[in-house]
Colleague: 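Please read through the structure below; I'll follow up with questions.
Only this structure's heavy atoms are used, side chains among them; waters, hydrogens and symmetry mates stay out. Here the structure is a predicted model, which means the values were calculated and not measured. Residue numbers start from 1 in every chain, and the chains themselves are labelled A, B, ... in the order their sequence lines are given, proteins ahead of strands.
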Amino acid sequence: MPELPEVETVRKSLETAVVGARVGHVEVGRERSVRRTSPAMLSAGLIGNTFTTARRRGKYLLFDLSSRDTMMVHLRMSGRLLLADPTDAREPHTHVVIRLVRSGHSDIDLRFVDPRTFGEVVVYDPNDIDPNTNEAFLVPEVGRLGIDPLVDNFTFEEFRAAIGVRHRGAKAVLLDQSVIAGIGNIYVDEILHRSRIRWNRPVSSLSIKQLRLIHDSTILILNEAVAAGGSTLKDMQYVDALGREGIFQTEHKVYARQGERCLSCARGVIRRVTGAGRSTHFCPVCQR
DNA sequence: AAACAAACCTGTGCGC
DNA sequence: TGCGCACAGGTTTGTT
């Protein structure tokens, strides 16, 4: 479900409540959600410690702790992080509950809800580094992430250097989290549409002008989507930590609009094709 | 190197 | 109404 704009919206919506809060107790109702370690290790890593940051890299949420450990949360397809009054009824599929204690405030729950259980929560030591790869032992993939368009200095030169001289299709490259971190299946289709480039165009065949267009569109769309609070689709699964829906889905030009008239050129009809197990939406007339 | 398929799970929406 | 199938925002792993 959530891509960079959704994860960023979640991050912003829980930052005030989480940063500075101490963990009172932890409940794990589903071991799979903490599969990288264990319920005991999650509790031991959290209880008594205070969150000092609520960061994001790509689609990864990173909460630094006073112990110098970090809690990583990945929502994958169906995960949600919700702030709730501890007396509020729990949503179905609430797998992890972290009780936050804040001086001068009443306690609050940070709840990890995840029907499909692809998501996960793990506490790890970011300084426990594998000297061979320079990546954290427990969560190496965060160290493999490419440029984050919002967190990093996402200049055109950096973008071009990250893409390199490959022959892969434009969509595959933009979805590659080790190139750019945070773009997923909805936003990649929207970015390429705005850039008027076909999903399977080899990046090696793109002109500097077209690369600039992709770079500009990426920044534009991701920022607009964050400003809109992300995209809440028909299934209404995605909401921020306070339960608020996003409204960027009303701005989608191609995603889930197959069969409809292209809003950009007014001539093409949006097509949906399937490849590598994912759906791709584009206008065959204005995307070349 | 790059493209693809399958795997991990559950819920929903569709056609029959 | 009910059943079976296709499909869903992500990522990893293994195979062509």
Colleague: Could you give the CG-to-C1' distance, from A:Asn185 to C:dA8, as a whole number of Å?
Modeller: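 For the pair A:Asn185 CG and C:dA8 C1', the rounded distance is 10 Å.
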Colleague: Which whole-number value in Å describes the distance from A:Leu61 CG to C:dT11 P?
Modeller: 12 Å
Colleague: In whole angstroms, how far is the C1' atom of C:dA8 from the OH atom of A:Tyr238?
Modeller: 17 Å
Colleague: Taking 4.0 Å as the cut-off, does a side-chain nitrogen or oxygen of A:Gln177 come that near to OP1 or OP2 on C:dT11?
Modeller: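 Yes, within the criterion.
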Colleague: With nearest nucleotides of DNA chain B determined for A:Arg166 and A:Lys234 from heavy-atom distances, which residue corresponds to the more 5′ nucleotide?
Modeller: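 Per heavy-atom nearest nucleotide, the more 5' residue is A:Arg166.
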Colleague: Report the distance from atom CD of A:Glu8 to atom CG of A:Asp148, rounding to the nearest 0.5 Å.
Modeller: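 One gets 8.0 Å once the value is rounded to the nearest 0.5 Å.
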Colleague: Using the side-chain heavy atoms of A:Ser279, tell me which of these nucleotides is nearest: C:dA8, C:dT11, C:dG10.
Modeller: C:dA8
Colleague: Please check the phosphate of C:dG10 (OP1 and OP2 only) for any side-chain N or O of A:His74 closer than 4.0 Å.
Modeller: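 No, A:His74 has no side-chain N/O under 4.0 Å of OP1/OP2 on C:dG10.
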Colleague: Remember a base hit wins even if backbone is also touched, and classify A:Arg272 as base, sugar-phosphate or nothing at under 4.0 Å, heavy atoms.
Modeller: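 Here A:Arg272 touches the backbone only, sparing every base.
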Colleague: What stems show up for DNA chain B when you take Watson-Crick pairs (N1-N3 plus N6-O4 or O6-N4) and G-U wobbles (N1-O2, O6-N3), both under 3.5 Å, and require three or more consecutive pairs?
Modeller: B:2-8 with C:10-16, B:10-16 with C:2-8
Colleague: What contact category does A:Gly169 fall into here, base, sugar-phosphate, or nothing, at under 4.0 angstrom with non-hydrogen atoms?
Modeller: sugar-phosphate
Colleague: Is there any protein nitrogen or oxygen under 3.5 Å from a nitrogen or oxygen in nucleotides 6-8 of chain B, and what are the pairs?
Modeller:
unit_1, atom_1, unit_2, atom_2, d
B:dC8, O3', A:Arg32, NH1, 3.4

Colleague: Is a donor from one side chain sitting under 3.5 angstrom from an acceptor on the other, for A:Ser178 and A:Asp176?
Modeller: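 Side-chain D/A pair, A:Ser178 to A:Asp176: present.
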Colleague: Taking atom P in both B:dG11 and C:dT11, compute the distance separating them and give it to the nearest angstrom.
Modeller: 22 Å
Colleague: Whole angstrom is fine here: how far is it from CZ in A:Arg35 over to P in B:dC9?
Modeller: 8 Å
Colleague: To the side chain of A:Tyr60, which of B:dA2, B:dG11, C:dT12 is closest?
Modeller: C:dT12
Colleague: Using a heavy-atom cut-off of under 4.0 Å over every strand shown, decide if A:Arg144 touches base, sugar-phosphate, or nothing.
Modeller: nothing
Colleague: Indicate yes or no: does A:Arg30 engage A:Asp114 in a salt bridge with an N to O separation below 4.0 Å.
Modeller: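 Salt bridge absent between A:Arg30 and A:Asp114.
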Colleague: Between C:dA6 and B:dA5, how many Å separate the two P atoms, rounded to a whole number?
Modeller: 15 Å
Colleague: So, for A:His193 and A:Tyr255, is the gap between ring centers shorter than 6.0 Å?
Modeller: no
Colleague: Look at A:His93 and B:dG11 and indicate whether a side-chain polar atom (N or O) is within less than 4.0 Å of OP1 or OP2.
Modeller: yes
Colleague: How close or far is atom C1' of B:dA2 from atom CZ of A:Arg201, stated in whole angstroms?
Modeller: 18 Å
Colleague: What are the two closest heavy atoms between A:Arg271 and A:Pro284, and how far apart are they?
Modeller: CD-CG, 3.9 Å
Colleague: Report, one line per pair, each donor and acceptor closer than 3.5 Å where one atom sits in a side chain of residues 34-47 of chain A; sequence neighbours left out.
Modeller:
unit_1, atom_1, unit_2, atom_2, d
A:Arg35, NH1, A:Arg32, O, 2.6
A:Arg35, NH1, A:Gly119, O, 3.2
A:Arg35, NH2, A:Phe118, O, 2.7
A:Arg36, NE, A:Glu120, OE1, 3.2
A:Arg36, NH1, A:Leu138, O, 3.0
A:Arg36, NH1, A:Glu141, OE1, 3.0
A:Arg36, NH1, A:Glu141, OE2, 3.0
A:Arg36, NH2, A:Glu120, OE2, 2.5
A:Arg36, NH2, A:Glu141, OE2, 2.7
A:Ser38, OG, A:Met41, N, 3.1
A:Ser43, OG, A:Pro39, O, 3.1

Colleague: Check the distance between B:dT10's C1' and A:Met77's CE and give it to me in whole angstrom.
Modeller: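 Checked: the CE to C1' distance equals 11 Å.
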Colleague: In whole Å, I'd like the distance from the NZ atom of A:Lys171 to the C1' atom of B:dC4.
Modeller: 14 Å
Colleague: My understanding is that only one of A:Arg198, A:Arg272, A:Lys171 makes a side-chain hydrogen bond (donor to acceptor under 3.5 Å, both in side chains) with A:Thr280; could you say which?
Modeller: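 Among A:Arg198, A:Arg272, A:Lys171, the one that satisfies the side-chain hydrogen bond (donor to acceptor under 3.5 Å, both in side chains) with A:Thr280 is A:Lys171.
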Colleague: Below 4.0 angstrom, N of the basic side chain to O of the carboxylate: do A:Arg80 and A:Glu6 qualify?
Modeller: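 Judged by the 4.0 Å cut-off on N to carboxylate O distance, A:Arg80 and A:Glu6 do not form a salt bridge.
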Colleague: Would you call the rings of A:Phe154 and A:His215 parallel, tilted or perpendicular, where under 30° means parallel and over 60° means perpendicular?
Modeller: tilted
Colleague: Given atom CD of A:Glu141 and atom P of C:dT13, what is their separation to the nearest angstrom?
Modeller: 9 Å
Colleague: Report yes if at least one side-chain N or O of A:Arg168 is closer than 4.0 Å to OP1 or OP2 of B:dC4; otherwise report no.
Modeller: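 Answer no for this pair, as no side-chain N or O of A:Arg168 is under 4.0 Å from OP1 or OP2.
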Colleague: Would you tell me whether A:Asp189 and A:His281 have side-chain atoms, one donor and one acceptor, within less than 3.5 Å of each other?
Modeller: yes
